[in-house]
Colleague: 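Sharing a structure here in structure tokens format.
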Number of protein chains: 2
Amino acid sequence: MNNSARNSAYTKSYNRKLITGIIHREPVSRAELARKTGLTRAAVSIIVDELISDGFVVEKGVAEAELGRKPVLLDINPESCYALGLNISRDKCSLGIVNLKGELKARKEIDLSSAADAGEALKIISEEIKRMHLETGTAPKKLLGLGISTPGPVDVFSGTIINPPNFDMWKNVNIVGELKKEFPCNILLENNSAALALAEKYYGLGKKFSNFILMVVDTGIGSGIVINDKLYRGFGGFGGEIGHTSINVNGDLCSCGNVGCLEVYASMPAVLKKAKRIEPGISSWNEIVDRAEAGDTRFLEIVEEEARYLSAGIVNVVNILEIEAVVLTGDIFYKHGIIMDSLSRYVNERAMTRKVHRVGLYASEIAKNADIIGAATIVIDDFIRLY
Amino acid sequence: MNNSARNSAYTKSYNRKLITGIIHREPVSRAELARKTGLTRAAVSIIVDELISDGFVVEKGVAEAELGRKPVLLDINPESCYALGLNISRDKCSLGIVNLKGELKARKEIDLSSAADAGEALKIISEEIKRMHLETGTAPKKLLGLGISTPGPVDVFSGTIINPPNFDMWKNVNIVGELKKEFPCNILLENNSAALALAEKYYGLGKKFSNFILMVVDTGIGSGIVINDKLYRGFGGFGGEIGHTSINVNGDLCSCGNVGCLEVYASMPAVLKKAKRIEPGISSWNEIVDRAEAGDTRFLEIVEEEARYLSAGIVNVVNILEIEAVVLTGDIFYKHGIIMDSLSRYVNERAMTRKVHRVGLYASEIAKNADIIGAATIVIDDFIRLY
DNA sequence: TTTACTTTGTTAAATAAATTGACAAATAAA
DNA sequence: TTTATTTGTCAATTTATTTAACAAAGTAAA
């Protein structure tokens, strides 16, 4: 799509997406759209009229102006269509409906414990999707599509779950292909971290940044990379494995085959191992943070060391990609204030770009229901993203 | 340019570049162009006719075909226009003319030792450019532009040399702005490694790869990243600093402010330091390689360790960007056979993507005159690159 | 209050690109 | 020689934006 020739159909589709995306970010007038895009007001009018008659956009009052006729504001009609989001993780499976503004309209946990294999699991999921459609009264014609997110590597082109860690049932399952037989709509699969990055881009901190990474720090360390407002996947869809970049060439072997991986040092199991040497009963990052916050220097040191390790991985990414910001989520999100300052200090002391611009370090702004919203955003992104 | 609206001018320009680029890679017929681009044969004909009447393209015999009318092959007319390349490095300054096929038509070393400051140096350079124009008889109207490459960080948008290492004369000099006063043509500045990556892309191994990095290993370790056939620069133009990614979070401080940088372990000065402990008289990588090749295991170990360090940096890049290949140049190029196998083994044992596809490790294919050809390719790329 | 000036948004005609569909040219196989 | 196939061109058509004029809606100053 991206490297083939241009024609008037492409032009129309591109400009329509461009305008939809700008309105989706925040309400604007036609005149402002013309200024932002470089299109003439006439062209903008034509496209906006179409978007209005398709229901995606609505006129919404007028804005103030110093001089001249007041501009009519255009806004996304959030209820014009819905996206289904399905998040499959190790221990649970969640389904939900999200509108164009990223608001959760319904969610449900699906129990797959009775399913012996992926086929049976897919049957249960299909039933739940149908039920949710009925219960929420979401007409099929208003459906943008279904976004699916899972941990581990996925083949986004074929829609196949490759090899989810500790999660054999879904291994090599072409989940998109299977579900399309039942639901002939736009179905897309992404890695969990990539989906969260998209959610952050459209509905969180990513609004401010065109180039950032979202890091998920829990059992493993995953990431989604956004470059130029687009998800970066690598040429085969397997990029962004920041958890398996090495921060120590002489370090221990990682399960991935590399040595000294960031995950070996900074994932939650790795940190817990250290904490248990101090207090064997400790079983979560939250407990470590609570003790550190209470003033226990032994645990404060663990938090500080976590910051040092994570920042080493982050600086490597920053020096390669020159991103503007890093957004953190996962277990590390808990009382993140305690680690953020150290992280920010380490990164901005060491990144090459520090002379030109700071790298922002933030906690995710959409922690609640991020799993479903992330999955649903995969199809919302497909609707708006430029190509 | 890239994120603004599309119109017919864009469409035309894009399709023209698309077709020019395909012909530039290898001779093709109009029909084949239509198949490759998705344009109709009619549209291809119109664009090709323009390219021919502009002189960029020529018809060049016919190709064999199983059936039907034989296709007329189209080829780039290499002499239809020229690119000037200027490479400024620590110890020398080189100027040259390169045609559209990447062939060097003239080159000259410029002596800047008499210049007290950048202003005087620019005067000398301007004179040499004029002289080269006269001597080679290259009419100004055939000039595609001037590409400039220098080590260290550059601001490609303003055309300013930021802070070349050990090279104070050029610090913060807006070389593009200054030279444009004298030569009102397309003048572009890039980092040295980025320019070499472009040369490799158009005239070397990059023809086979759309996603690769070019690594220059000598006094420092620089790199140029090519993603989707385009140079990746980061959002401010300061990305790709692979030499300053850390391979040891507990390593020594680097001059850049980071710790355990790849450069600290694998740059030529770092390796030489180790070699001198064995044999104080050694003063170059070439000598190390020669002794290793002769069977001296102490030096073989140094070469092997160099491979291990370099591969650690490479694997990190591969796991983040999922590139297809790494092309090496710089001092490390000398008798590269001795290090390539180890490098390839280390990388493909450790990269996450090894289950999906191998990462190719190669020595540069355009070592000769690469400095000038790289610089000139900056403007050739600007002529052909899609946006 | 009137007038001048600005800005927004719409309209019809003009323009510029690729597409459509027909066709001639060139070639190999039947 | 005929048929089938592929290449390349041409004129008419289609589809997008642009151009340029204008009406609508508002502010500010005379």
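Protein chains get the first letters and strands the later ones, always in sequence-line order, with residue 1 at the start of each. Keep in mind that what you see is a predicted model, and the values were worked out from it rather than measured. Only heavy atoms go into these numbers, but all of them, side chains included; no hydrogens, no water, no symmetry mates.
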Colleague: Going by heavy atoms closer than 4.0 Å, what residues in residues 26-38 of chain A are next to DNA chain C?
Modeller: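 Those residues whose heavy atoms fall under 4.0 Å from DNA chain C, taken from residues 26-38 of chain A in numerical order, are A:Ser29, A:Arg30, A:Ala31, A:Arg35.
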
Colleague: Could you work out, with salt bridge (charged side-chain N to carboxylate O under 4.0 Å, His left out) as the rule, every residue matching B:Asp229, not counting sequence neighbours?
Modeller: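 Per chain and number, B:Asp229 pairs via salt bridge (charged side-chain N to carboxylate O under 4.0 Å, His left out) with B:Lys201.
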
Colleague: Go through residues 49-65 of chain B and report each residue with a non-hydrogen atom lying under 4.0 Å from DNA chain C, sorted by number.
Modeller: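 Per residue number, the list is empty: none.
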
Colleague: Restricting to salt bridge (charged side-chain N to carboxylate O under 4.0 Å, His left out), what partner residues turn up for B:Glu178, sequence neighbours left out?
Modeller: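 Counting only residues at least two positions away or on another chain, B:Glu178 forms a salt bridge (charged side-chain N to carboxylate O under 4.0 Å, His left out) with B:Lys181.
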
Colleague: Just jot down the side-chain contact (heavy atoms from CB on, under 4.5 Å) partners of A:Leu104, sequence neighbours excluded, or say none.
Modeller: A:Val98, A:Arg107, A:Asn369, A:Ile372

Colleague: Strictly below 4.0 Å: does B:Ser45 bring a side-chain N or O up to OP1 or OP2 of D:dT9?
Modeller: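 Checking D:dT9 against B:Ser45, a side-chain N or O does come within under 4.0 Å of OP1 or OP2.
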
Colleague: If you look at every strand shown and take non-hydrogen atoms under 4.0 Å, does A:Ile47 touch a base, only sugar-phosphate, or nothing?
Modeller: sugar-phosphate

Colleague: For a quick check, tell me whether the side chain of B:Arg69 and the base of D:dT6 share a donor-acceptor pair closer than 3.5 Å.
Modeller: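 No, the side chain and the base share no sub-3.5 Å donor-acceptor pair.
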
Colleague: Does a side-chain N or O from A:Asn15 land closer than 4.0 Å to OP1 or OP2 of D:dT17, or not?
Modeller: yes

Colleague: What is the distance, rounded to the nearest whole Å, between atom CD of B:Glu66 and atom C1' of D:dT7?
Modeller: 16 Å

Colleague: Tell me which donor-acceptor pairs under 3.5 Å the side chains of residues 19-26 of chain B have, and how far apart each pair is, sequence neighbours excluded?
Modeller:
| residue | atom | partner | partner atom | Å |
| --- | --- | --- | --- | --- |
| B:Thr20 | OG1 | B:Arg16 | O | 2.6 |
| B:His24 | NE2 | B:Leu100 | O | 2.5 |
| B:His24 | NE2 | B:Tyr203 | OH | 3.2 |

Colleague: If you define the side chain from C-beta out and look only at heavy atoms, does anything of A:Asp49 sit under 4.5 Å from A:Arg30?
Modeller: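 They are in contact (side-chain heavy atoms under 4.5 Å apart), so the answer is yes.
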
